[in-house]
2 protein chains.
Amino acid sequence: MEDLEIFVNVVEADGFTAAAALMNMTVTATSRRVKALEERLGVRLLNRTTRRISLTEAGQIYFDQVRRILSELRDAEEQLSQLSGSARGTLRVTAPMTFGVRRLAPWIARFADAHPQLQVQLHLDDQTIDIVGQGLDMALRIGYPRDSSLIARPILPVARYVCAAPAYLQKWGAPQTPLDLLRHSCLHYDNLSVREEWTLNGPDGPEAVEVQGRLCSNNGEVLCEAAVQGLGIVLLPDFMVEQALAENRLQRILEGFEPPPFTLYALYPSRHFVPTKIRLLLDFLILAAGQGAIGRHFSGNPP
Amino acid sequence: MEDLEIFVNVVEADGFTAAAALMNMTVTATSRRVKALEERLGVRLLNRTTRRISLTEAGQIYFDQVRRILSELRDAEEQLSQLSGSARGTLRVTAPMTFGVRRLAPWIARFADAHPQLQVQLHLDDQTIDIVGQGLDMALRIGYPRDSSLIARPILPVARYVCAAPAYLQKWGAPQTPLDLLRHSCLHYDNLSVREEWTLNGPDGPEAVEVQGRLCSNNGEVLCEAAVQGLGIVLLPDFMVEQALAENRLQRILEGFEPPPFTLYALYPSRHFVPTKIRLLLDFLILAAGQGAIGRHFSGNPP
DNA sequence: AAACACTATTGCGTAATTTGAAATAATCGG
DNA sequence: CCGATTATTTCAAATTACGCAATAGTGTTT
């Protein structure tokens, strides 16, 4: 029976080795199980050359059916655990590095504590990962995803602040309008280009400024640290700079000109029945983000 | 995975003991597998009192889904073996006793010989059996079945003959019309009544006669043997009397008055994809019956 | 009410199955 | 034609499943 799942995985991973790695099995076992399945059915499902595999005609038919059937079975079991209300097993989550450390970590800890039968694996990585391919249950990402096979649930508005170190401002003066940024060193994300456009919503509507600076990076913490050291002005998400702001190593500028906030999305595979463990985490995150947001985002000013 | 099948069987058999017997398993194993399934799902599926079992709410939902899914899986695998064209596994057939010995046995032997990978189990029994409940693949029965969940495929017309022993006829004279039967001892099937109605199609249409005799039985061979011994007149299917007729221990009478023939049906469970092994046997039987019937039923007189 | 009959679960020793590391065979790319 | 990668096979070890017998529990019967 499990053979079916293995067979499907081998086909989807296009190879025994890849499939075995995906399922944390040895190649030996994988090969044997598929072979056993073929012998049970009395039909060859895969054409193997040692270098590549392909489905036989029968295998193609069987694969299509079995994949659907397995998916229905998963649905049935999900439906089951839904009415039991409790979740068990393993929940694999991925999130961006800094967000994961600063915001997610305490939430996840509380969540894991609330569900002792659930083992939570939190994988922090700034790369966007193929979530279904890696067997992940949920990805937390900033910005809307391209992969439309995923459900994207907005979790949290992420405010962004324009900040600089007090020493920098003392030396170069604080910009009063977005246009002033042109005369400053603006540290920005590395989108493979030297220039970046910052859009700020002022009293007269949005203003776009094409900034440039002496440093850019694909890592927000690098930018934050550089700003702290007085290298320039940064535009970063709240969680990235809140500590530096609290310690007065950075201070906000251009407060009348808010950059449009990002949104943090929870991404998870689209299914008939959303697994309970995903549902639980989702609800928990929405709740946690909502509670935490009251003070931080919606009712007033940042700390 | 097999656990699913076991669970479904336990529910359908309404008990571990019955299900175990059906699957040729021990009750121990059955109980353990269901328990393992429940533990894997983390949900109790069955409410057991040691005397009776019932589905929990979750179990009911799961059962419905899983039964459907398993049926789809079987379909998929059948579809597979259909395009392979060959059959394997076990084919369980039931048939009436005498028909099985006289007609079916040589056919089945040839069929089994033609399909070495198929193990054929022929269960001869004059009782009509719950074919799906007993895990049978096909039942051969004379007369149309009540169970509408089965597909009934006519295989063979079964002519019936009115016969008596030569000695009997010499002593009492041969009846010339159906009405003459009233003056004779007619050995008939035991339908829990002493009387039976014989309908014979004569030149002026069907004539029904309510016969009675000194012996009745629910077993055709008993009647045949009794007739050979001169106890009376019988109306029996061809296969039941052909040997006695060939050896002149019986002879046909009232040849101008043919009783309406019976029909032998092949009964098998209705499914999306008829299993290859059933399909093969069915085709084989139709062919065999057709070939054998040319001389025996359609073109002329019996031997 | 109490004994009975039947059913499901558990303990334990045994047997079968499965497993992984390493060796082997086989194929694609250079 | 060789090197690199991939699937299969070999064989011993370990995990797992199994059946028998005993246990516990429930509905029925006397």
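Chain letters run A, B, ... following the sequence lines, proteins first, then strands; residues in each count from 1.
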Below 4.0 Å: OP1/OP2 of D/dA7 and any side-chain N or O of A/T17: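 Affirmative; the distance criterion is met.
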C/dT9 phosphate, OP1 or OP2, under 4.0 Å from B/R48 side-chain N/O: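 Checking B/R48 against C/dT9: at least one side-chain N or O falls below 4.0 Å of OP1 or OP2.
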Atom [atom1] of [X] to atom [atom2] of [N]: distance rounded to whole Å?
X: B/L37; N: D/dA17; atom1: CG; atom2: P; value: 13 Å
X: B/L45; N: C/dA8; atom1: CG; atom2: C1'; value: 16 Å
X: B/N47; N: D/dG25; atom1: CG; atom2: C1'; value: 15 Å
X: A/R52; N: D/dT5; atom1: CZ; atom2: C1'; value: 12 Å
X: A/F16; N: C/dT19; atom1: CZ; atom2: C1'; value: 17 Å
X: B/F7; N: C/dA8; atom1: CZ; atom2: C1'; value: 16 Å
X: B/D14; N: C/dA8; atom1: CG; atom2: C1'; value: 14 Å
X: B/R51; N: C/dT9; atom1: CZ; atom2: P; value: 15 Å

A/D137 side chain to A/R92 backbone, donor-acceptor under 3.5 Å: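 Side chain of A/D137 to backbone of A/R92: a pair is present.
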For the pair [X] and [Y], find out whether any cationic side-chain nitrogen is under 4.0 Å from an anionic carboxylate oxygen.
X: A/E38; Y: A/R33; result: no
X: A/D283; Y: A/R279; result: yes
X: B/R68; Y: B/E72; result: yes
X: A/E78; Y: A/K277; result: no

Residues in contact with DNA chain D, drawn from residues 25-36 of chain B - heavy-atom cutoff 4.0 Å: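 Those residues are B/T26, B/T28, B/A29, B/R32, B/R33.
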Mutual orientation of the aromatic rings belonging to B/F99 and B/W107 [parallel < 30°, tilted 30-60°, perpendicular > 60°]: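 Rings of B/F99 and B/W107: perpendicular, as their planes differ by over 60°.
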